[in-house]
Amino acid sequence: PCAADQGAVEARRFPSGTQGISVTMLSLLNIGNTHAQPAIWHDGYLELLPRIPTSELTWERLPQEYPVAAASVVPKASARLAGHGIYFLSAYDCGGLIDFSRVDPTTLGADRVANAIAAAEFYPLPALVVDCGTAITIEIVDERRRFLGGAIAPGRRLMRRALFEGTAQLPEIPFSQELPEEPGRNTVEAIRFGVDRGAVGLVRELVAASLRSCGIVSCLAAGGDAGFFAAALPELKAVESDFTLHGIRLAWERRRGRQA
């Protein structure tokens, strides 16, 4: 079984991740497919700022007084921010905090890199992170801080949208945090039962297969939909909402320390 509650992350109470490096202020940005989450890191405290729809993200909407470190999975959004000296996290430029030599890093999402870094920093290894967003991703890091790979699947929102856009009559139904207990008696209930129960089953199977193959100690749930999956799957521990941002921060601090 997982023991993800060991060494749990306490939000907003972290020292600098790089010995001898003093970081006064840093602007952090996690750019997802639907929303971008900005934050300010200040002397061991992290302040989350209001989320910005990714389609509306511009340089003018970000704090501009400080260095900016970002993880982006949306190339168009990254392009809109080009030319402002932003550090964009990647598997090739993460300060050596994680060993990616066992996988193909060329298409590895920056959010997955950040999750791997945060898991290795704050939780017992080996660790598994289920990032529950537009897509559901899994990142696995072993006890030697090697990235072992993972999984990518559609999240609950994407499943709903696929049914709506790919059929003539099925509606796009709203989110619910309650897991349906019985088969649906109408179309909306049937979609909720199929999608939400199906998504839980998908994650349960992926986690179980990972446990069998990798001997995971820490099973973590991150992302905007983490609460739903952690409530449905007791083997998962929901991390703080700033988990991925701390991975970005740690990479920036290590990189800055190497350049000093």
Side-chain angles (χ1 to χ4, degrees), residues 1-14 30 32 34 37 48 98 109 111-112 114-143 145-160 173-184 189-247:
C2 294
D5 53 342
Q6 301 177 26
V9 179
E10 288 291 329
R12 306 170 186 263
R13 298 194 182 99
F14 295 98
N30 182 21
T34 305
Q37 176 64 70
L48 295 178
I98 298 292
D111 56 342
R112 302 183 70 198
N115 286 341
I117 292 170
E121 182 70 18
F122 300 124
Y123 290 90
L125 298 175
L128 172 152
V129 182
V130 183
D131 196 329
C132 313
T134 302
I136 294 170
T137 67
I138 288 181
E139 293 81 54
I140 301 172
V141 182
D142 73 6
E143 66 278 2
R145 300 176 75 104
R146 297 179 300 183
F147 187 81
L148 301 185
I152 301 174
R156 290 199 299 153
R157 185 182 305 277
L158 202 54
M159 291 182 188
R160 283 164 161 75
I173 66 171
F175 262 37
S176 172
Q177 291 303 308
E178 296 182 4
L179 187 64
E181 295 294 335
E182 299 179 353
E189 291 179 357
I191 293 173
R192 181 168 289 122
F193 187 78
V195 168
D196 291 354
R197 279 270 167 194
V200 168
L202 181 152
V203 171
R204 180 186 289 116
E205 173 59 26
L206 292 176
V207 170
S210 300
L211 287 170
R212 289 193 298 270
S213 63
C214 302
I216 303 299
V217 173
S218 301
C219 298
L220 314 171
D225 211 14
F228 171 81
F229 286 96
L233 299 169
E235 59 266 40
L236 292 180
K237 167 72 175 180
V239 298
E240 300 287 350
S241 58
D242 54 12
F243 178 81
T244 305
L245 290 164
H246 280 296

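When reading the values below, keep in mind they use all heavy atoms of this one structure, side chains included, and skip hydrogens, waters and symmetry mates. Because the structure is predicted, anything quoted here is derived from the model rather than measured.
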By salt bridge (Lys or Arg N to Asp or Glu O under 4.0 Å), Arg146 pairs with (sequence neighbours left out) Asp142
Output every pair passing salt bridge (charged side-chain N to carboxylate O under 4.0 Å, His left out) with a member in residues 211-220, not counting sequence neighbours, ordered by first then second residue. Glu205-Arg212
Would you indicate whether Glu178, at its atom CD, is surrounded by more than 12 heavy atoms from other residues, nucleotides or ligands within a distance under 6.0 Å? no
Tell me which donor-acceptor pairs under 3.5 Å the side chains of residues 226-233 have, and how far apart each pair is, sequence neighbours excluded?
none

Could you tabulate the donor-acceptor pairs under 3.5 Å formed by side-chain atoms of residues 191-202, not counting sequence neighbours?
| residue | atom | partner | partner atom | Å |
| --- | --- | --- | --- | --- |
| Arg192 | NH2 | Pro174 | O | 3.4 |
| Asp196 | OD1 | Arg156 | NH1 | 3.2 |
| Asp196 | OD1 | Arg160 | NH1 | 2.8 |
| Asp196 | OD1 | Arg160 | NH2 | 3.2 |
| Asp196 | OD2 | Arg156 | NH1 | 3.2 |
| Asp196 | OD2 | Arg160 | NH2 | 3.2 |
| Arg197 | NE | Pro180 | O | 2.8 |
| Arg197 | NH2 | Pro180 | O | 3.2 |
| Arg197 | NH2 | Glu181 | OE1 | 3.4 |

Leu148 versus Cys214: any side-chain heavy-atom pair under 4.5 Å? yes
Decide yes or no on side-chain contact (heavy atoms from CB on, under 4.5 Å) for Leu245 and Leu48, but give the supporting numbers first. CA-CA 9 Å; Leu245 290 164; Leu48 295 178; 3.4 Å; yes
State, yes or no, whether a side-chain contact exists between Tyr123 and Val239 at a heavy-atom distance under 4.5 Å. yes
In Å, rounded to the nearest 0.5 Å, how long is the span from CZ of Arg145 to CD1 of Ile98? 5.0 Å
Check side chain to side chain donor-acceptor pair (under 3.5 Å) between Glu182 and all other residues, then give those that pass, not counting sequence neighbours. Arg185
If every non-hydrogen atom of Ala120 is compared with every non-hydrogen atom of Leu125, which pair is closest and at what distance? CA-CD2, 3.8 Å
Residues 131-141, side-chain donor-acceptor partners within the protein, below 3.5 Å, at least two apart:
| residue | atom | partner | partner atom | Å |
| --- | --- | --- | --- | --- |
| Asp131 | OD2 | Asn115 | ND2 | 2.8 |
| Thr134 | OG1 | Thr34 | OG1 | 2.8 |
| Thr137 | OG1 | Glu139 | OE2 | 2.7 |
| Glu139 | OE1 | Asn115 | ND2 | 3.1 |
| Glu139 | OE2 | Arg112 | NE | 2.9 |

What are the two closest non-hydrogen atoms of Ala119 and Leu220, and how far apart are they? CB-CD1, 4.2 Å
Quick one: side chain to side chain contact (heavy atoms under 4.5 Å, CB included) partners of Ala114, sequence neighbours excluded? Leu89, Thr244, Ile248
Show the nearest heavy-atom pair for residues Glu235 and Cys219, with the distance to one decimal. O-CB, 3.2 Å
